[in-house]
J.: 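Submitted below is the structure of interest, expressed as structure tokens.
Position 1 is the first residue of the sequence; numbering continues from there.
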Amino acid sequence: QVQLVESGGGLVQVGGSLRLSCAASGRTFSTYTMAWFRQAPGKEREFVAYITRSGGTNSYADSVKGRIIISRDNAKNTVYLQMNSLKPEDTAVYYCAASQKLWYTVPTATLDYAYWGQGTQVSVPS
């Protein structure tokens, strides 16, 4: 079992940048597929980005492609989300998620992930 703690959220101007971090407990972090989701007020939680166990492959939602980069450091048990050119529609609570399953397709559903952090708020006022 893994425990996840997000950090790095905050208030940022349109066009600004933020880097979110998600620190994982335990010694088996490299066995987990990791992802970021977000949930805006009144909306369902949606997939943002995913990265494989080794960090060699990633995938992004169309809404963030070209502006957001997911990465991981298995030595530090941490996954990151670098967000650039932020827009008001990026305002949401951002969640880190982990899955220990071996995936052959990109897991984009919330049910694909068994472990979740508590979330960190990102606000981009218009």
Side-chain angles (χ1 to χ4, degrees):
Q1 190 166 348
V2 64
Q3 293 183 328
L4 306 172
V5 179
E6 301 96 333
S7 61
L11 182 69
V12 63
Q13 292 182 339
V14 173
S17 298
L18 276 177
R19 189 175 83 154
L20 306 183
S21 298
C22 172
S25 64
R27 294 175 288 180
T28 59
F29 178 68
S30 62
T31 67
Y32 289 88
T33 295
M34 300 299 297
W36 287 94
F37 285 73
R38 67 185 181 186
Q39 187 166 18
K43 295 188 176 182
E44 293 187 353
R45 194 170 298 188
E46 64 174 4
F47 169 80
V48 175
Y50 135 100
I51 190 165
T52 53
R53 297 170 174 184
S54 67
T57 301
N58 47 45
S59 183
Y60 300 93
D62 288 343
S63 59
V64 304
K65 205 170 288 184
R67 301 188 296 117
I68 286 181
I69 300 171
I70 187 171
S71 62
R72 67 190 294 164
D73 186 336
N74 285 343
K76 295 182 178 180
N77 282 14
T78 303
V79 62
Y80 305 98
L81 192 70
Q82 177 66 45
M83 303 192 295
N84 303 315
S85 303
L86 283 164
K87 305 175 181 180
E89 50 264 43
D90 294 320
T91 295
V93 177
Y94 283 71
Y95 297 90
C96 174
S99 169
Q100 210 165 19
K101 289 179 63 175
L102 182 61
W103 295 96
Y104 295 99
T105 59
V106 178
T108 62
T110 56
L111 290 177
D112 293 336
Y113 296 87
Y115 306 102
W116 293 85
Q118 83 290 347
T120 185
Q121 176 72 47
V122 172
S123 298
V124 189
S126 56

J.: How close do S30 and N74 get, heavy atom to heavy atom, and via which atoms?
T.: CB-ND2, 3.6 Å

J.: Taking L20 as the starting point, is it possible to reach V93 by hopping between hydrophobic residues whose side chains are less than 4.5 Å apart?
T.: no

J.: So, does T91 use its side chain to make a donor-acceptor pair with the main chain of V124 at under 3.5 Å?
T.: yes

J.: Count I, L, V, M, F, W, Y as connected when their side-chain heavy atoms are under 4.5 Å apart, and connections chain through other members. Are V122 and Y60 then in the same cluster?
T.: yes

J.: Nearest 0.5 angstrom please: T33 OG1 to Q100 CD, how far?
T.: 9.5 Å

J.: Where do S99 and D112 land on the side-chain contact (heavy atoms from CB on, under 4.5 Å) test, with the steps shown first?
T.: CA-CA 7 Å; S99 169; D112 293 336; 5.8 Å; no

J.: Using every non-hydrogen atom in the two residues, find where V48 and Y94 come nearest and quote the distance to one decimal.
T.: CG2-CE2, 4.4 Å

J.: If I compare all heavy atoms of T52 with all of G56, which pair ends up nearest, and what's the gap?
T.: OG1-N, 3.4 Å

J.: When clusters are formed by joining ILVMFWY residues with side-chain heavy atoms under 4.5 Å apart, either directly or through shared neighbours, do I68 and F37 land in the same one?
T.: no

J.: Give a yes or no on whether a salt bridge exists between R38 and D90, defined as a side-chain N under 4.0 angstrom from a carboxylate O.
T.: yes

J.: Would you say V64 and I69 are hydrophobically clustered, going by side-chain heavy atoms of ILVMFWY under 4.5 Å?
T.: yes

J.: So does S85 get a backbone contact from the side chain of R67, meaning a donor-acceptor N/O pair under 3.5 Å?
T.: yes

J.: Could you tell me which non-hydrogen atom of V5 sits nearest to which non-hydrogen atom of Q118, and how far apart they are?
T.: CA-OE1, 3.7 Å

J.: Contact between V79 and Y32 at the side-chain level, heavy atoms closer than 4.5 Å - yes or no?
T.: no

J.: Kindly compute the distance separating CD (E44) from CD (E46), expressed to the nearest 0.5 Å.
T.: 10.0 Å

J.: Does C96 offer a backbone N or O that forms a donor-acceptor pair with the side chain of E6 under 3.5 Å?
T.: yes

J.: Could you check whether any side-chain heavy atom of Y95 comes within less than 4.5 Å of a side-chain heavy atom of L4, counting everything from C-beta outward?
T.: no

J.: Using every non-hydrogen atom in the two residues, find where W116 and Y113 come nearest and quote the distance to one decimal.
T.: NE1-O, 3.2 Å

J.: State, with a plain yes or no, whether a side-chain heavy atom of T28 is found less than 4.5 Å away from one of V2.
T.: no

J.: List the residues meeting salt bridge (Lys or Arg N to Asp or Glu O under 4.0 Å) with K43, not counting sequence neighbours, and say none if there are none.
T.: none

J.: So, do M83 and W36 sit near enough that their side-chain heavy atoms are less than 4.5 Å apart?
T.: no

J.: The criterion is salt bridge (Lys or Arg N to Asp or Glu O under 4.0 Å); which residues satisfy it with R19, sequence neighbours excluded?
T.: none

J.: Identify which one of N84, L86, V12 satisfies the side chain to side chain contact (heavy atoms under 4.5 Å, CB included) criterion when paired with S17.
T.: N84

J.: Looking only at heavy atoms, which two atoms of A98 and M34 are closest? And how far apart?
T.: CB-SD, 3.5 Å

J.: Please work out which of the three classes, parallel, tilted or perpendicular, describes the rings of F47 and Y50, given edges at 30° and 60°.
T.: tilted

J.: A quick test of your reading: do over 12 heavy atoms of other residues, nucleotides or ligands sit less than 6.0 Å from CD of Q121?
T.: yes

